[in-house]
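Read through the structure below, which is laid out as C-alpha cells, and then see the notes.
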Amino acid sequence: MEDTILAVQMKGITKVYPNGIAANQGVDFNVRRGEIHALMGENGAGKSTLMKMLFGLEQPTEGEIVINGETVSLTSPTVAISKGIGMVHQHFMLVPSLTVAENIVLGMEPTRGMFIDYAEAVRITEEFSQRYNLHVEPHAKVMDIPVGMKQKVEILKALVRGAKILILDEPTAVLTSQETAELFKELIHFKEQGHTIIFISHKLKEIKQITDRMTIMRGGKSMGVFNTADVSEQDISRLMVGRDVVLKVEKEKAQPTDTVLRVEDIHYENEYGKKMLNGVSFTVRRGEILGIAGVEGNGQRELVSMLFDMVPPDAGTITVEGQTVTGAGQRRIRDMGVSHIPEDRMTYGAAGTASIEENLISDRFEKPAFHKGVLFDMEAIHRESDQLIRDYLILCRSGKQQVKMLSGGNIQKVVVAREFSCGPKLIIADQPTRGIDVGATEFIRRKLVELSREGAAVLLVSADLNEVMELSDSLMVFCGGEIAAYFEDTSALTDEEMGEYMLGLKRQSPEEIRRAFHE
C-alpha cells in the first residue's frame, strides 16, 4: 500500500566508476509524495552521485528507479524533466545578459512566426510567479537582480517545465535569514500543492526546521531514514561523520596588534558598467579574524580578486605590511606572506588532473628544501605531502591520487593544507566551508581560529551567517558595494539584525563605520 504514496523509489542503487571507485553501494532511497525530504551526508558520502542519477546526469551500475509507480530509465536530464523531475543546482545555471523571462523559457521559447514571442514569455513568467507565490521581475536582466530572486528564477524554470519532484541542492547557501524564511514559506506552499521536495543541505538547523524526514548517507551507503522530529542536530552529525562533532568553535578573546592589511578608498566598476565597490576602506590586524558578511553580488568577490591581484581597482590602494599589492603579481603576494582560500576551489584553488602531492607543494616547489642541485628532491616532497595529508586528515589512497577524484570536502582540505601550512601573515578565506560537511567544516573553522590566535591576520568572507558571526572577532556588512555596518563585537548580534543590514534596510552612520579603519 505504501508504494502508492511514494513519488521516488531508488532500489539497490550501486554506482561504480571505471576507476573502480564505488560512489553508491546498494542504496535504497524512498521519498513520499508531498513531503520535504532531506538528503544528508559528508562530502563523498554519495549524495551528489545519487541525485545525478535521479536527474539523468549519470546512470546506475545496478539498481532500479521508480517514479510515481513507473519503472524508468533516466538516460538524460531531458528524460528526467519529462517524468516531472526538476533540479535546482547550488551554482545557478542562468544567463546573466538575458532577462528573467528569457531565462525561464530558455530552450522552450514560445514563438510567433520565425521570432521568439517575448510577450508570451513574460505572460508565462507572470502566470507561474503568481501561481507559486514566487515574485520576480520578468523584464529585469539576471545580472541586475539580487541573489534571492535568482534562486526564485531557478525554481520557476523547473516548475514551468512541469516539475512535481524538485531536487534543491544547498538552496540557502547564499541567502540571508529573511530570504531563507521566505523560501521556506514557499516550499511549504509547494508541499501543500502536492509537490515533492528533496532538500540537500549541510545546515542542520534548517534541516530540522523545514523537513519531514531525512535519509543520512555515509561512505556510499544509507545509514537509515529518520523522522526529522525524532533526531537532534548532534544525532545527525554523529550519523553523518561516525563520531561526535563540535558544532560550536570555542575561541579566546582576540588580542589584535599591528595592521597587516590596509585597504583605502577602493572603487571598482565591472564590465557591465555596474559600480561594485564604492569607497571601501578597512584594516585587518595581526591576531584577529575580520569577517565580511553580505548577500552575494555586493562587491565581496571583486574585493577578494583585488586582494590577490586578479583584478586591478579603478581607484584606491591595497597594502600588506606597507607593500603595494596592486600589480605585484600573485607570486610576489605569496612571498609577502599572503594565503588565499578561493571561493571556487576547482577553478582557482586546485588543479583537478594534478596529484594531491603536486597541489600541496605548488606554492613551495621553488624552495631549496625541495631541490637537490637542479633536480627536485622527491624524497623531501613525498615527506612534506604525506605529513600534510596526515595533519589535515585528507582521506585518499595516496598522495599520487588525482585531486578531482576526491570528495568536495577533501579537495577543500587539500587547498586549506597548502594555504595554512606556509606560515601565512595574512589569510584571505573566501567561503572556506561552502558545500562541505560538518566534519570538514569543524576542522577548517578550528584551524582558522588557531592560526589567528598564533598571530595571523584573517579576512573571512562567508555567505554562511552562523559561520561569519561565530568565527569573527569584528565584522563588516557589505551592501551595494559599500560597508553598511561595522561591529567591533559580534556577541550580541542576531541573524535578523544582520539580515536588515545585508538587505539595505538598515545602515550605520559614516562615523560608526569609520572604526573599521583602525589608525
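Glu62 has no carboxylate O lying under 4.0 Å from a charged side-chain N of Lys15, or vice versa, which leaves the two without a salt bridge. Salt bridge absent: Glu269 and Lys274 never bring a charged side-chain N and a carboxylate O closer than 4.0 Å. Salt bridge annotation for Arg32-Asp212: absent, with no cationic side-chain nitrogen under 4.0 angstrom from a carboxylate oxygen. Comment: Lys157 engages Glu154 in a salt bridge, judged by a side-chain N to carboxylate O separation of less than 4.0 angstrom. Salt bridge annotation for Asp344-Arg301: absent, with no cationic side-chain nitrogen under 4.0 angstrom from a carboxylate oxygen. Here Glu70 pairs with Lys83 in a salt bridge; the nearest charged N to carboxylate O distance falls below 4.0 Å. Classification of Glu233 and Lys208 as a salt-bridged pair fails, no side-chain N sitting under 4.0 Å from a carboxylate O. Contact check on Arg123 versus Glu120 returns a salt bridge, with a Lys/Arg side-chain nitrogen under 4.0 Å from an Asp/Glu carboxylate oxygen.
Classified by interplanar angle (parallel below 30°, tilted 30° to 60°, perpendicular above 60°), the ring pair Tyr118/His139 is tilted. Taking the six-membered ring where tryptophan is involved, the planes of His195 and Phe190 are tilted, since the angle between them lies from 30° to 60°.
Closest approach of Val311 and Met306 over heavy atoms only: O-CG, 3.1 Å. In this structure, Phe478 and Asn298 approach most closely via the heavy-atom pair CD2-O, 3.7 Å. The minimum heavy-atom distance between Thr196 and Ala7, with the atom names listed, is OG1-CB, 3.7 Å. Scanning both residues, Tyr501 and Cys479, for their nearest heavy atoms gives O-CB, 3.7 Å. A pairwise comparison of heavy atoms in Ala350 and Ile411 identifies CB-CG2, 4.4 Å as the closest pair. Of all the heavy atoms in Ala23 and Thr49, the pair that sits closest is CB-OG1, 3.6 Å.
Ser97 has its side chain within reach of Val95: a pair of non-hydrogen atoms, C-beta onward, lies under 4.5 Å apart. The shortest side-chain heavy-atom distance between Glu186 and Lys152 falls under the 4.5 Å cut-off. The shortest distance between side-chain heavy atoms of Leu303 and Leu277 falls below 4.5 Å. Between Val31 and Thr215, every side-chain heavy-atom pair lies at or beyond the 4.5 Å cut-off. At a threshold of 4.5 Å between non-hydrogen side-chain atoms, the residues Met51 and Phe29 count as touching. Within the 4.5 Å cutoff, no side-chain heavy atoms of Ile292 are placed close to those of Leu460. The side-chain heavy atoms of Pro313 and His267, taken from C-beta on, include no pair separated by under 4.5 Å. The shortest side-chain heavy-atom distance between Phe199 and Leu166 does not fall under the 4.5 Å cut-off.
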* Given ring-ring contact (aromatic ring centres under 6.0 Å, His included), test His189 with Phe184 step by step and report yes or no. => CA-CA 9 Å; His189 180 56; Phe184 283 3; over 10 Å; no

* Going through the distances and angles, do Val153 and Ile145 end up as a side-chain contact (heavy atoms from CB on, under 4.5 Å)? -> CA-CA 10 Å; Val153 173; Ile145 64 176; 4.2 Å; yes

* Evaluation steps, side-chain contact (heavy atoms from CB on, under 4.5 Å), between Leu168 and Leu187 -> CA-CA 10 Å; Leu168 303 181; Leu187 294 184; 3.6 Å; yes

* To do: Verify side-chain contact (heavy atoms from CB on, under 4.5 Å) between Gln9 and Ile65, making sure each step is shown before the conclusion.
  => CA-CA 6 Å; Gln9 290 173 279; Ile65 300 175; over 6 Å; no

* Residue pair Val225, Met214: steps toward the side-chain contact (heavy atoms from CB on, under 4.5 Å) verdict -> CA-CA 6 Å; Val225 184; Met214 67 178 71; over 6 Å; no

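When Ile356, Asn359, Thr353 are each tested for a side chain to side chain contact (heavy atoms under 4.5 Å, CB included) with Gln402, only one passes: Thr353.
Of the possible donor and acceptor atoms, one in the side chain of Gln59 sits under 3.5 Å from a partner among the backbone N and O of Leu74. Between the side chain of Glu358 and the backbone N or O of Ser355, at least one donor-acceptor pair lies under 3.5 Å. Between the side chain of Asp28 and the backbone N or O of Gly12, at least one donor-acceptor pair lies under 3.5 Å. Distance alone, capped at 3.5 Å, is enough to place a donor-acceptor pair between the Ser339 side chain and the Glu419 backbone. The main-chain N or O of Gly316 is never found under 3.5 Å from a side-chain atom of Asp265 such that the two would form a donor-acceptor pair. Judged purely by atom type and a 3.5 angstrom limit, Ser472 has no side-chain atom pairing as donor or acceptor with the backbone of Leu475. Glu102 places a side-chain N or O within donor-acceptor distance of the main-chain N or O of Thr99, the cut-off being under 3.5 Å. Side-chain atoms of Thr61 come within 3.5 Å of backbone N or O of Val16 as a donor-acceptor pair. Checking side-chain atoms of Asn227 against main-chain N and O of Ala229 turns up no donor-acceptor pair under 3.5 Å. A donor-acceptor pair under 3.5 Å links the side-chain atoms of Arg418 to the main chain of Gly349, judged by distance alone.
Phe128 carries Arg131 over the face of its six-membered ring, with the cationic atom under 6.0 Å from the centre and within 45° of the normal. Seen from the ring of Phe443, Lys413 counts as a face-on cation partner, given the 6.0 Å and 45° thresholds.
For NZ of Lys506, the number of neighbouring non-hydrogen atoms (other residues, nucleotides, ligands) closer than 6.0 Å is greater than 12. Residue Lys141 qualifies as open at atom NZ: its count of foreign heavy atoms under 6.0 Å is 12 or below. Counting heavy-atom neighbours within 6.0 Å of Glu137 CD, excluding the residue itself, gives a total of 12 or less.
Glu64 and Thr71 share a side-chain donor-acceptor pair at under 3.5 Å. Side chains of Ser305 and Glu302: no donor on one and acceptor on the other come within 3.5 Å. Counted by atom type alone, Thr433 and Glu467 present one or more donor-acceptor pairs between their side chains at under 3.5 Å. Looking only at atom types and distance, the side chain of Glu482 has a donor-acceptor partner in the side chain of Asn278 under 3.5 Å away. Using modelled atom types, one finds no donor on one side chain facing an acceptor on the other under 3.5 Å when comparing Gln25 with Thr14. Defined by atom type and a distance below 3.5 Å, a donor-acceptor pair is present between the side-chain atoms of Tyr17 and Glu58. Of the N and O atoms on the side chains of His37 and Thr211, not one donor lies less than 3.5 Å from an acceptor on the other residue.
In this structure, CZ on Phe226 lies 4.5 Å from CG on Leu239, to the nearest 0.5 angstrom. For the atom pair Ile483 CD1 and Ser281 OG, the distance stands at 7.0 Å (nearest 0.5 Å). Between atom CE of residue Met217 and atom OG of residue Ser48 there is a gap of 9.5 Å, rounded to the nearest 0.5 Å. A distance of 5.5 Å separates CG in Leu106 from CD in Glu109, rounded to the nearest 0.5 Å. Taken from CG in Leu94 to CD1 in Ile104, the straight-line distance is 9.0 Å, to the nearest 0.5 Å. Annotation: the span from Gln300 atom CD to Met476 atom CE amounts to 10.0 Å, rounded to 0.5 Å.
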